[in-house]
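To start, the structure itself, in structure tokens.
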Amino acid sequence: MEVREIADRLEEIGTLLELTGENPFKVRAYQSGARALESLEEDLDVLIEEDRLGEVKGIGKALTEKIISLRQTGKLEFYDKLRKSIPDGLVEMLEIPGFGPKKIRKVHEELGIETMEELKAACESGRIAELPGFGKKSAENILSGIANRIAYGKRHLWWDVRSVALPILEGLRELEAVDRAEVAGSFRRSMETVGDLDFIVASSKPEPVMKWFTGQSNVVEVTARGETKSSVRFEGGLQADLRVVPDDRFVFALHHFTGSKDHNVKMRQRALARGLSLSEWGIFNKGEEPESGKAYDRPLARKGIKEEADLFKVLELDFIAPEMREGLDELELAEEGQLPRLVQFEDLQGTFHNHTKASDGHNTLEDMARAAAGMGLAYIGIADHSKASFQANGLDADRLLEQVERIAEINSQDGDKARLFAGCEVDILKDGTLDFGREVTSKLDYCVISVHASMSGLSEEEMTSRMIRAIEADTGCLKILGHPTGRLLLRREGYAVNIRKLIEAAAANGVLIELNANPWRMDMDWRHWRQAAEAGVPCVITPDAHSVENLEYLRCGVQAARKAGLTAEQVFNTLSLDRITEYLNNAKS
Ligand code: DGT
Ligand code: CA
Ligand code: CA
Ligand code: ZN
């Protein structure tokens, strides 16, 4: 287990113990253990190896063994037993805002309540209001908490969050009192889903900034309001934090709240090795850090840190793009000058995998070609569904070949349109054969091959060999493997498949892999692209557009490619129209 996960587990144990009525000292031991782990300044494995973990403040003898077990096996019998001893309903109730372990235990002990339904009924019947220490107001709060629990607790798609975040950023920057403003957190790191938004503002007049932020018309609740920090909730449950800091501390706050935690831990360790202490408050000589509360009265140990790049420079690192700050090997790469030059939206010359009215899209070939040109793209590949996807009005061979002719016709006209490539999103059938044989696909410029049906019930081995069979199929044209895991973020897990083997098979067969930039998909996931790049498999960023508006999804696809560390050279659709045409022709047989 990662250190952060171990800390979360200890925190959870503390909460569960509280739920069982365990004595407060024991509960606190787990909570401070979790905090000690989060701010650990040495390598956990070294501490374990040198038998010094028990010496860390906040981690006693009992915790040491549990941490070692979690680190080395990912398991802890004590936790498993504890969790099993508590009814699921009580654990679920922890998600209700303001309804903590002590209160949950009370309703459990006094009223025998074990499920969410029972809790709801007890609120409605007035039994909760009658409990000492509760009252009518608490019963109402619990009820609305139950109703909102799902919306508030959940994460949000990066793309949806973007449409909330960008106007706020613009609004903040327009304020007289604001010197600088940025979004930090997982949004800035381009995670595929975002828990909450984190805004950082440089200003010497926090009051009007707070007022504007909490007074926005789409705010449904102000959940916290302080002098320099406030939190709000929007419709749909998304929350946003705002922190206002002095301009000379902006870089430190921005870097800290961009995270990730793991990246921050590594940065702090690197600073310490240079006798410096790095935090959200600034950079100080070791031993001269401010106590929290009077954070800004200590002078910084280094002057002239105006931008994040300056901060990295002090630590003898190249600038690390936010997307790459996940605590993987980005510091090592930055130290050696080996960070990739990440692909940018402007590098894209065209795209593939788009639908039209012919299957389940909303626009015509001409609409799509014109919209692509409007975005500055030189070419756009069409890939309507094949006949097996009948629910999506998939095309049979006749309709598809008609479309190929129509595309040639449109391409022969001059004008305001991007060059169309004729493709098809050909279904991978249950046995791994393709929905169209070579006699049809060889008439295309390329095809996307995707799984759309028979996703459940197959073992990982079966799904993997099914897809490899399709990767090896003779289509007579270039193949692009479509949305390789079939996942829908926040809705359904991808099917079980061995990605490593798919990448190897793609490399061996000259097949490209898609980064499907539909915000629900983001498939293949950024975590697998380095392996694909090392195997020499190009990435194709596609919007899987079903309308002209959806072409914009390319933007989140580029963010995911950046997060994966991909350069323009590793992304197929950064090639010019001429080079792409040549490539597609060479792939024909
Ligand atoms: P999210 O909102 O769940 O999608 O993920 P983040 O990464 O935006 O996390 P969030 O909003 O809790 O905090 C923003 C950043 O602030 C996080 O990436 C790192 C930093 N941060 C927050 N809490 C801690 C902490 O307890 N320790 C450390 N080292 N960093 C923290
Ligand atoms: Ca966040
Ligand atoms: Ca936050
Ligand atoms: Zn598809």
Side-chain angles (χ1 to χ4, degrees), residues 2-12 14 31-42 44 58 95 97 152-162 164-165 168-169 182-201 213 222-224 226 228-234 236-245 249-272 277-283 289 292 308 311 320-328 330-331 489-490 519 522 526 556 559-560 563:
E2 295 298 316
V3 177
R4 186 178 179 172
E5 292 171 311
I6 301 174
D8 288 347
R9 181 55 49 91
L10 295 185
E11 186 81 47
E12 188 187 346
Q31 289 165 343
S32 32
R35 269 193 299 275
L37 272 188
E38 274 178 356
S39 51
L40 208 56
E41 283 170 356
E42 279 187 85
L44 177 60
E95 292 168 20
Y152 296 170
K154 75 169 195 232
R155 299 184 63 81
H156 308 264
L157 293 183
W158 186 88
W159 187 250
D160 293 342
V161 173
R162 179 178 183 268
V164 178
I168 297 178
L169 200 53
E182 281 294 346
V183 197
S186 53
F187 177 79
R188 185 163 182 242
R189 299 199 314 280
S190 293
M191 282 297 275
E192 58 277 11
T193 65
V194 172
D196 71 353
L197 274 170
D198 306 274
F199 291 94
I200 309 293
V201 162
F213 184 73
V222 178
T223 49
T228 58
K229 179 180 180 299
S230 48
S231 304
V232 298
R233 184 162 56 232
F234 305 106
L238 178 65
Q239 307 211 35
D241 297 337
L242 168 71
R243 289 179 176 82
V244 180
V245 302
R249 307 298 165 104
F250 179 77
V251 166
F252 305 101
L254 175 62
H255 177 270
H256 175 85
F257 290 105
T258 296
S260 65
K261 268 191 192 177
D262 294 338
H263 169 86
N264 288 354
V265 166
K266 292 194 174 188
M267 288 287 281
R268 223 167 34 227
Q269 282 170 350
R270 194 172 171 91
L272 281 172
S277 160
L278 176 66
S279 69
E280 63 173 292
W281 312 111
I283 192 160
E289 310 83 338
S292 55
E308 276 185 329
L311 171 59
I320 301 174
E323 294 91 335
M324 294 200 72
R325 299 183 199 165
E326 291 297 338
L328 303 172
E330 70 270 15
L331 265 71
L489 291 166
L490 311 172
M522 305 309 282
W526 61 269
C556 58
Q559 288 309 117
K563 190 152 190 67

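Heavy atoms only: backbone and side chains are in, while hydrogens, waters and symmetry mates are out. Being a predicted model, the structure only gives us computed values, none of them experimental. Counting starts at 1 for both ligands and their atoms, in listed order.
Enumerated by chain and number, the residues approaching ligand 1 to less than 4.0 Å through a heavy atom are E38, R155, G185, S186, R189, V194, G195, D196, D198, H256, F257, T258, G259, S260, K261, N264, R268.
In this model, a donor atom of one side chain and an acceptor atom of the other lie less than 3.5 Å apart for Q559 and E323.
Here the Ca ion (ligand 3) has protein N, O or S atoms under 3.0 Å from it, and they come to 4.
Scanning for salt bridge (Lys or Arg N to Asp or Glu O under 4.0 Å) contacts around E5 gives an empty result, with sequence neighbours left out. Not counting sequence neighbours, the partners of E308 by the salt bridge (Lys or Arg N to Asp or Glu O under 4.0 Å) test are R188, R325.
For the pair F250 and E182, the minimum side-chain heavy-atom distance is below 4.5 Å. Looking only at side-chain heavy atoms (C-beta outward), L490 and R155 come within less than 4.5 Å of each other.
Between atom CE of residue M267 and atom CD of residue E330 there is a gap of 9.0 Å, rounded to the nearest 0.5 Å.
Aromatic ring centroids of H256 and H263 lie 6.0 Å or more apart.
Using a 30° and 60° split on the angle between ring planes, F187 and W158 fall in the parallel class, below 30°.
Side-chain atoms of S190 never come within 3.5 Å of backbone atoms of K563 as a donor-acceptor pair (strictly under, hydrogens ignored).
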